[in-house]
Every structure is written in C-alpha cells, then in structure tokens.
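To start, the structure itself, in structure tokens.
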Protein chains: 2
Amino acid sequence: MFKESTTSCKDCNCKWPNFENLTDDQLALIDSSRYQARFKPGEIIFKQGSPTSNAIFLTSGFAKIYIEGYDNKNIILSIVKPSHLIAGPGSYVDNRHHYSLAAITETTACFVDMSVIKKLVHDNSSFAEGYLKDISKKSLNTFNKLLSFSQKKMHGRLAEGLIHLAFDVFEEKKFKCYLTRQELGELTGMTKESVVRLLKEFHDEQIIKLEDSYIEIVDRVKLEKIMVSG
Amino acid sequence: MFKESTTSCKDCNCKWPNFENLTDDQLALIDSSRYQARFKPGEIIFKQGSPTSNAIFLTSGFAKIYIEGYDNKNIILSIVKPSHLIAGPGSYVDNRHHYSLAAITETTACFVDMSVIKKLVHDNSSFAEGYLKDISKKSLNTFNKLLSFSQKKMHGRLAEGLIHLAFDVFEEKKFKCYLTRQELGELTGMTKESVVRLLKEFHDEQIIKLEDSYIEIVDRVKLEKIMVSG
DNA sequence: AATAATAATTGATATATATCAATACATATA
DNA sequence: TATATGTATTGATATATATCAATTATTATT
C-alpha cells in the first residue's frame, strides 16, 4: 500500500452522489482532508474494532465489507465499488468499525476524515438527508440479508448472490468472479464445499456457465425463480 | 382500538430522548400533529408494506417489530417499549414500512406525522444527529441479529433472547413472558417446538425457572456463557 | 522449472434442527 | 358449564447442510 494523489473531488467521476448537495467550499473542505491509497487484492483497508476515523470512497476496484464472526467465520455484507460511501454505523454510536473492509481486486481508495463528514452533516441539512437515505438503504439491505439467511435454503441464497454479483456489482451477465468459493460462501451463508456442489449443479442444469474464473448467468429467469422460491 | 388524548409531549415522561434537542416551538409542532390510540394484545399498529405516514412512540405497553417473511414465517426484530422512536428505514427510501408492528400487551401509542419529523430533521441539525444515532444503533442491532442467526446454534440464540428480554426489555430477572413459544421462536430463529424443548432443558439444568407465564433467570452467568459460546 | 502454498473438488459421514402427528392444556366464547 | 379455539408439549422421523478427509488444480515463490 502506497500513497497516491490524483484528481480533486470536484472533477472526480466517481464521487458519491450525495456530494452534489455540497457547496464548492464544502467539497473543497473534503478535498483538503482527503488522501488516497492503493491496495492489492486481499489487503485490509480497515479492520473491525478499529476507530472510525475515516470515511472511505473507492475510486477504482472492488472490495468486500465483512463481519468477522465467531471462530473465523465471516459474513460478507456486500461487495462495494466506486461512488459509494463506506462509513459504518459505528461512526454515530461508538466510533468503532463493526465490520472490516478488504480489497478483492487492485483498489484505490480515498480516506476522508470522519469529523469533516460529521461537520458537513451538521452544517448542511440536504447532505444530512442524503447520508440518512444512504444508511437507511443499507439498513434495508441488511434486513434482506437477515431474511435470506434465516428463511431461504442454500439454492435460493446462492441464486440471489449470483444475481446480485452479476447485475448489481459487476453489471455483466458474464463476470470475472474475483471471489473465492470460500468468499462466495461467506456472501451467501454456506460452506465453500456447498458452494462448489451447488455451482456445479446450476452449471449442469445450464442455469449458469462456469468457465475459468468466469461465471455467466445463462438462464436468468430460472435463477430468479430459484432465488424467490428457495 | 379507540382514540384517546392525554398529556402533551412537553410533560410526557416517556418521550424520545432526542426530543430534548427540539425547541419548545418544535416540540409543540410535534404535539399538534400527534394523535394517540390504544391497542389490545395482538392488534397490528402498522403493517409491512403500508406507507410510512407516521412515526410511532409507545406511551405504555410492549409491542413487537417483525418482518413478515416467506410462507408465514416471521422474524421478530425487537420488542419495543415506551420512549423509543419507531420509524422504519423505509421512511427515507421508499416511504414503505419494511416490517410490521403489533401490540403484545395492552398498548397506547402516539402517531406523529412523518413529514413533521422529516421537517425537524431538516431544520434542526442536532435533532438530525440524534435521528442518525438512533438508526445507526438499530443497524448495529440488526448486524448482531444476522450474526446470531447465521453463526450461533439454538442454545446460544435462546440464551441471548432470554437475556435480552429479562435485562433490556422487561428489566426484571423474573418477568412475565408475554410472548408465545411461537413468538420466542421468531425472536430467536427456531421453531416453537425447539423453543419448548430448550426452555425445558434450561429449566431442568436450573439455569432458568418456568412458572406459569413467568420466566426467571436463575443462573445468569451460565446463561451468558451459553450465549457467547453457543 | 521446481517447490510450496492456496484454492477447488469430491465423497462419506455426522448433526443440528425442522417437520409431522398426536395429545394435553389453557383460554375464550356460546 | 360446555364447546371451541388457540397454545403448549412430547415423541418419532426426515432433511438440509456442515464437517471431515483425501485428492486434484491453480497460483505464487524460490
């Protein structure tokens, strides 16, 4: 990990949409407190338990947000990409991260001092509302995860995970799956062995196609059916 | 359910702590938009999917917040009591409730127009921060629920649920358990039959004591051990 | 290119927990 | 008081999924 400095926030093409609510001065404030760093796949950007000193914005690459649970079992909450805010709910509770963030590809990230974000939340009510919307949306995602994990069977959860990866994260029906089988399991709540078996099953039934490190959604309709029914 | 009108917000002894951040005028605004109603056990206060027109504050009694999942299986997210805000994350996303709220005891509740709350969030940044803190805290609770549900075994989850009920909700080590076995299952992620069997097991091991509709935490230390290890 | 380390795969087995079915109990209703 | 409805309990059985163990690929390192 080494430091790097590129553009300014003002002309960043992957800035958080909520930054539109800031004045030029306010955006400049973010810019001045910001620093950028690069991470290799697997490197930890921040760690569960550490202080929430910074908000993070990816400027390139993908990373995983994951809860480190009991005996080394993780739950991947989401795969994040540029133009999203990454600031845990801990920032407004106990100033601690309640999950970890790690790069899954080569990644560049901007660090913005959390006190600057908080100041802007305080000074600019539209920005505060944008922040509120953001964490509300994330809260709903967690609800959905809770529901999936506790009421769906493996097939349904894996289908859901694959659809999410293809259409929300990588935005390609055929995508390079940077996640290991282990990580796919952490995303969908099952063991890596089960992931292997089910992926093979979906492949054999020609719902998906496995090719090298690529996964292609072949029959989206069927996969969605499995997602809702299973 | 019939309407009822008692005190004002100003001298309500169970108002949401974040109301301290409001001016007298702002609190009066809430007061004027507020109306109060009474519910019998089991009655639904609001329903998942309905518009988030109002924020709710209980003034007496207990209620359950629950997600209605697939084939009539619910997840009870929490048991709520007076002096807490009840306003789903949907208010800032799609204006729909993503969970239902139902009384579990005789309950009185205040309804406050959500547009008033939103106006105050917009006008009063301290109030907005209080709101932010509140939903952040709830978000962390959901993380914990996700973790419990996906990584703990039944024993651990039940122990966690009982401790929560005794010490956070009813605030008595011996409490009248208004929840049915079915509901205890929805709270802890298991079937009613499993609840029955495990409660009996805890009772036989003298960790808890079951007496009529009361549950008493007899050996809190042991129960906490089960909670973290299970 | 050779070796080590990590990830993927496969099969056999164990286990936690749900489901089903029947009965007993409690509470509400006529 | 009798009847109906919902809830609690118990036991037997089914099943989804994890765990364990061994093998094969793949990727990184010397």
Side-chain angles (χ1 to χ4, degrees), chain A residues 40-43 64 69-76 102 104-106 148-161 176-204 208-215 226 229-230, chain B residues 40-43 64 69-76 102 104-106 148-159 161 176-204 208 210-215 226 229-230:
Chain A
K40 288 202 285 283
E43 287 185 333
K64 59 175 176 180
Y70 316 105
D71 42 50
N72 291 318
K73 279 182 215 257
N74 300 328
I75 299 174
I76 295 182
I104 61 170
T105 65
E106 185 85 7
S148 283
F149 272 45
S150 56
Q151 302 199 346
K152 280 187 183 170
K153 282 183 264 113
M154 290 197 306
H155 292 76
R157 297 199 303 272
L158 184 60
E160 184 170 358
K176 187 171 169 72
C177 183
Y178 293 101
L179 309 188
T180 64
R181 301 304 193 234
Q182 173 68 36
E183 287 172 323
L184 283 174
E186 290 169 2
L187 183 70
T188 56
M190 64 183 96
T191 59
K192 56 183 191 304
E193 291 93 336
S194 292
V195 171
V196 168
R197 279 184 260 262
L198 279 197
L199 283 177
K200 188 167 144 52
E201 191 181 319
F202 285 174
H203 174 91
D204 289 347
I208 63 170
K209 196 166 160 194
L210 300 172
E211 212 181 334
D212 306 311
S213 55
Y214 285 81
I215 296 179
I226 295 171
S229 72
Chain B
K40 288 202 284 285
E43 287 185 333
K64 58 174 177 179
Y70 316 105
D71 42 50
N72 292 317
K73 279 181 215 258
N74 300 327
I75 300 174
I76 295 182
I104 60 171
T105 65
E106 185 84 7
S148 284
F149 272 45
S150 57
Q151 302 199 346
K152 279 187 182 172
K153 281 180 267 115
M154 291 197 304
H155 291 78
R157 297 199 303 272
L158 184 60
K176 187 172 169 71
C177 182
Y178 294 100
L179 310 188
T180 63
R181 301 304 194 233
Q182 174 68 37
E183 288 172 321
L184 282 174
E186 290 170 1
L187 182 70
T188 56
M190 63 184 98
T191 60
K192 58 185 187 308
E193 292 94 336
S194 293
V195 171
V196 169
R197 279 185 258 263
L198 279 198
L199 282 178
K200 189 168 142 54
E201 192 182 319
F202 285 173
H203 174 92
D204 289 347
I208 63 170
L210 300 172
E211 211 179 335
D212 307 310
S213 54
Y214 284 82
I215 297 179
I226 294 171
S229 71

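We name chains A, B, ... by the order of the sequence lines, and we start the count at 1 in each one. Below, all heavy atoms of this structure are taken into account, side chains as well, without hydrogens, waters or symmetry copies.
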Value rounded to 0.5 Å, distance of OG1 in Thr105(A) from CG in Leu179(A): 10.5 Å
Exam field: side chain Glu160(A) to backbone Arg157(A), donor-acceptor pair closer than 3.5 Å: no
Exercise: identify the closest heavy-atom pair between Ile76(B) and Glu183(B): CD1-O, 3.5 Å
Student check: side-chain heavy atoms of Thr188(B) and Met154(B) closer than 4.5 Å: no
Base-contact (B) and sugar-phosphate-only (S) positions in nucleotides 23-30 of chain C, heavy-atom cut-off under 4.0 Å, - elsewhere: --------
Spacing between Asp212(A) atom CG and dA7(C) atom P, to the nearest angstrom: 18 Å
Nucleic acid footprint by protein, nucleotides 25-30 of chain D - heavy-atom cut-off 4.0 Å, B for base, S for sugar-phosphate alone: ------
Rounded interatomic separation in angstrom, taking NZ from Lys192(A) and P from dT6(C): 14 Å
Atom pair CZ (Arg197(A)) and NZ (Lys192(A)), whose distance is rounded to the nearest 0.5 Å: 10.0 Å
Touch class at under 4.0 angstrom, heavy-atom based, for Lys200(B) against every strand present: sugar-phosphate
Crowding at OH, Tyr70(A) (>12 non-hydrogen neighbours, <6.0 Å): yes
Spacing between Leu179(B) atom CG and dT7(D) atom C1', to the nearest angstrom: 14 Å
Protein proximity profile, nucleotides 12-22 of chain C - base contact B, sugar-phosphate-only contact S, no contact -, cut-off 4.0 Å on heavy atoms: B---SSSBB--
Gln151(A) CD to Asp71(B) CG distance, which is reported to the nearest 0.5 Å: 7.5 Å
Which atom of Arg181(A) lies closest to which atom of Val196(A), heavy atoms considered: CG-CG2, 4.0 Å
Distance, nearest 0.5 Å, that separates NZ of Lys200(A) from CG of Leu198(A): 12.0 Å
Protein-nucleotide distance (Leu198(A), atom CG; dA8(C), atom C1'), rounded to Å: 15 Å
From CD (Gln182(A)) to CG (Asn74(A)), nearest 0.5 Å: 8.0 Å
Gln182(B) CD - dT9(D) C1' separation (whole Å): 14 Å
Separation of dT9(D) C1' from Leu184(B) CG (nearest whole Å): 14 Å
Integer-rounded Å distance: dT9(D) P and Glu201(B) CD: 14 Å
Distance in Å, Glu201(B) CD paired with His155(B) NE2, rounded so as to fall on 0.5 Å steps: 3.5 Å
Whole angstrom value for the distance that separates P of dA8(D) from CD1 of Ile215(B): 10 Å
